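Take a look at the structure below.
Positions are given from 1 along the sequence. This one's a predicted model, so the numbers in the text were calculated from it and none came from an experiment. Just the heavy atoms: all of them, side chains too, but no hydrogens, waters or symmetry mates, feed the values below.
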Amino acid sequence: MPELRVGGQLLQVAQQTNLLDALLGGGVAVPYSCRAGSCHACLVRCVDGEPLDLQPEALAVDKRAEGWRLACQCRVEGDLQVEPFDPERDGLAANVIALDWPSPQVLRLRLQPARPLRYRPGQHLLLWSEQGVARPYSLASVPGEDDWLEFHLDCRMPGAFCDAARRLQVGDGLRLGELRGGALHYDPDWQARPLWLLAAGTGLAPLYGVLREALRQEHRGAIRLLHVAHDSAEHYLASELQALAEQHANLQVELVTAAQLPAALAELRLVSRQTLALLCGHPETVDSFARRLYMAGLPRSQMLADVFLTRA
């Protein structure tokens, strides 16, 4: 039976046991969220030995070279020694410089990292609270335009990170974990192509960054943004989006509620086979976006989707 060593703790685990399950079963407090290799909350560093990695492509080559693995995607095959990600040792310090509630359920959080962070609109960043709770969030800011990192937190449902975020004040500290690329981005080669941005809830955050980046690069094609929210009060960026639409003739903004979504999707008509669609939000809503676009004639190869997975 393989031995799993974590710090001064020695665990006996069955061969082929999921590494995250083995750690949690042994009382090791490893954060996790999606269990799908997407959120990267369960990072551990292999000090000695090597587990079977079922999704090696989920981590960047340089991270893997440093010994990092996603515990949820690994199985224990032999003796293994690991170190869980330590936000104090391995993370980047950041301070809260602004926070507000643009809607009753969405917290807008702006952070100033201890050193500049290179990123692109649409990427995700793992945030660690001072209580050691980790949660991945999409960046809504744009490098070169914003002097901060901006995140939109959906606080409708209780959760350890959201509960901690509600108590945050300006000047408080957080730690930043791994920055990773999502499916969403803006490519300068898209300049003349129609661009559809379909967002549900705080899935608007990365698409807001992508939209602003496209406008910053003077995108020439038509841009259509649709935001679906539970109710009209949750169109938390309505004024910002309407201001952008007034400044850019090629931008069309549609704000719909969940009840209005079926009718809005039924009215979608493909005007060009060159259209690109970026989709983000809850899996069910993203799936409804994708199915409607496919029925309208848009190839799935021209859809980029990022889903916000719920905690397993």
Side-chain angles (χ1 to χ4, degrees), residues 33-43 54-64 70 72-73 117-127 135-143 149-154 177-191 193-217 219 221 223-228 265 268 270 273-294 296 298-312:
S33 185
C34 72
R35 282 188 176 266
S38 298
C39 72
H40 290 206
C42 61
L43 271 176
L54 301 178
Q55 198 178 145
E57 70 280 0
L59 281 177
V61 174
D62 60 332
K63 296 292 288 186
R64 288 186 56 80
L70 298 177
C72 72
Q73 297 302 305
L117 190 67
R118 296 182 61 183
Y119 68 96
R120 69 173 187 268
Q123 286 191 288
H124 310 159
L125 193 59
L126 196 64
L127 304 187
R135 191 76 170 85
Y137 286 98
S138 296
L139 284 150
S141 46
V142 175
L149 305 176
E150 180 168 314
F151 305 90
H152 303 160
L153 281 59
D154 183 351
E178 188 191 11
L179 176 71
R180 58 182 302 267
L184 308 178
H185 63 281
Y186 180 74
D187 190 325
D189 290 341
W190 298 347
Q191 279 275 328
R193 301 178 69 171
L195 191 61
W196 284 7
L197 310 176
L198 308 185
T202 51
L204 180 58
L207 293 184
Y208 182 57
V210 170
L211 169 64
R212 293 170 60 213
E213 178 65 15
L215 296 175
R216 188 182 73 84
Q217 296 197 34
H219 183 84
I223 305 176
R224 183 175 187 175
L225 183 144
L226 184 148
H227 180 224
V228 56
L265 291 179
L268 288 179
L270 197 64
R273 293 284 293 181
Q274 295 300 309
T275 298
L276 289 160
L278 277 61
L279 324 174
C280 191
H282 188 276
E284 290 183 5
T285 310
V286 169
D287 183 60
S288 67
F289 288 159
R291 281 188 283 108
R292 175 54 195 160
L293 292 173
Y294 183 74
L298 188 66
R300 291 194 181 272
S301 61
Q302 291 171 215
M303 303 180 206
L304 302 178
D306 202 351
V307 298
F308 287 177
L309 297 176
T310 53
R311 187 181 179 92

Quick one: closest heavy-atom pair of [X] and [Y], and the distance?
{"X": "Leu184", "Y": "Leu279", "value": "CD2-O, 3.8 Å"}
{"X": "Tyr294", "Y": "Arg300", "value": "CD1-CG, 3.8 Å"}
{"X": "Leu298", "Y": "Ala277", "value": "CD2-CB, 3.6 Å"}
{"X": "Thr285", "Y": "Ala200", "value": "CG2-CB, 3.6 Å"}
{"X": "Val210", "Y": "Pro121", "value": "N-CB, 3.9 Å"}
{"X": "His185", "Y": "Arg120", "value": "CB-NE, 3.8 Å"}

Quick check: do [X] and [Y] have side-chain heavy atoms less than 4.5 Å from each other?
{"X": "Tyr186", "Y": "Arg216", "answer": "no"}
{"X": "Gln302", "Y": "Arg193", "answer": "yes"}
{"X": "Leu265", "Y": "Ser288", "answer": "yes"}
{"X": "Leu139", "Y": "Leu179", "answer": "yes"}
{"X": "Arg273", "Y": "Pro299", "answer": "yes"}
{"X": "His282", "Y": "Phe308", "answer": "no"}
{"X": "Trp190", "Y": "Gln274", "answer": "no"}
{"X": "Leu225", "Y": "Leu204", "answer": "yes"}

Could you give the distance from [atom1] ([X]) to [atom2] ([Y]), rounded to the nearest 0.5 Å?
{"X": "Leu276", "Y": "Ile223", "atom1": "CG", "atom2": "CD1", "value": "11.5 Å"}
{"X": "Leu149", "Y": "Ser141", "atom1": "CG", "atom2": "OG", "value": "5.0 Å"}
{"X": "Leu211", "Y": "Arg224", "atom1": "CG", "atom2": "CZ", "value": "14.5 Å"}
{"X": "Gln123", "Y": "Glu178", "atom1": "CD", "atom2": "CD", "value": "10.0 Å"}

Exercise. Checking side-chain contact (heavy atoms from CB on, under 4.5 Å) for the pair Leu43/Leu126: CA distance, chi angles, key distance, verdict?
Worked result: CA-CA 11 Å; Leu43 271 176; Leu126 196 64; 5.7 Å; no
For this session: Apply the test side-chain contact (heavy atoms from CB on, under 4.5 Å) to residues Leu153 and Thr202: give CA-CA distance (whole Å), side-chain angles for both, the deciding distance (0.1 Å), then the verdict.
Result: CA-CA 7 Å; Leu153 281 59; Thr202 51; over 6 Å; no
Exercise. Within the distance-only criterion (no hydrogens, no angle test), does the side chain of Glu150 pair as donor or acceptor with the backbone N or O of Ala205 below 3.5 angstrom?
Worked result: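 No, Glu150 side chain to Ala205 backbone: no donor-acceptor pair under 3.5 Å.
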Exercise. Going through the distances and angles, do Thr275 and Leu293 end up as a side-chain contact (heavy atoms from CB on, under 4.5 Å)?
Worked result: CA-CA 10 Å; Thr275 298; Leu293 292 173; over 6 Å; no
Exercise. According to the interplanar angle, ranging from 0 to 90°, do the rings of Tyr208 and His152 count as parallel (below 30°), tilted (30 to 60°) or perpendicular (above 60°)?
Worked result: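 Tilted, since the angle between the ring planes falls between 30° and 60°.
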Exercise. Counting only heavy atoms not in Arg118, do more than 12 fall under 6.0 Å of its CZ?
Worked result: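 Counting other residues, nucleotides and ligands, CZ of Arg118 stays at 12 neighbours or fewer.
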Problem set entry | Full working for side-chain contact (heavy atoms from CB on, under 4.5 Å) between Leu195 and Leu278 | CA-CA 8 Å; Leu195 191 61; Leu278 277 61; 3.9 Å; yes
Quiz: residues 55-62 side-chain donor-acceptor pairs under 3.5 angstrom, not counting sequence neighbours:
residue: Gln55; atom: NE2; partner: Ala36; partner atom: O; Å: 3.4
residue: Gln55; atom: NE2; partner: Gln73; partner atom: OE1; Å: 3.0

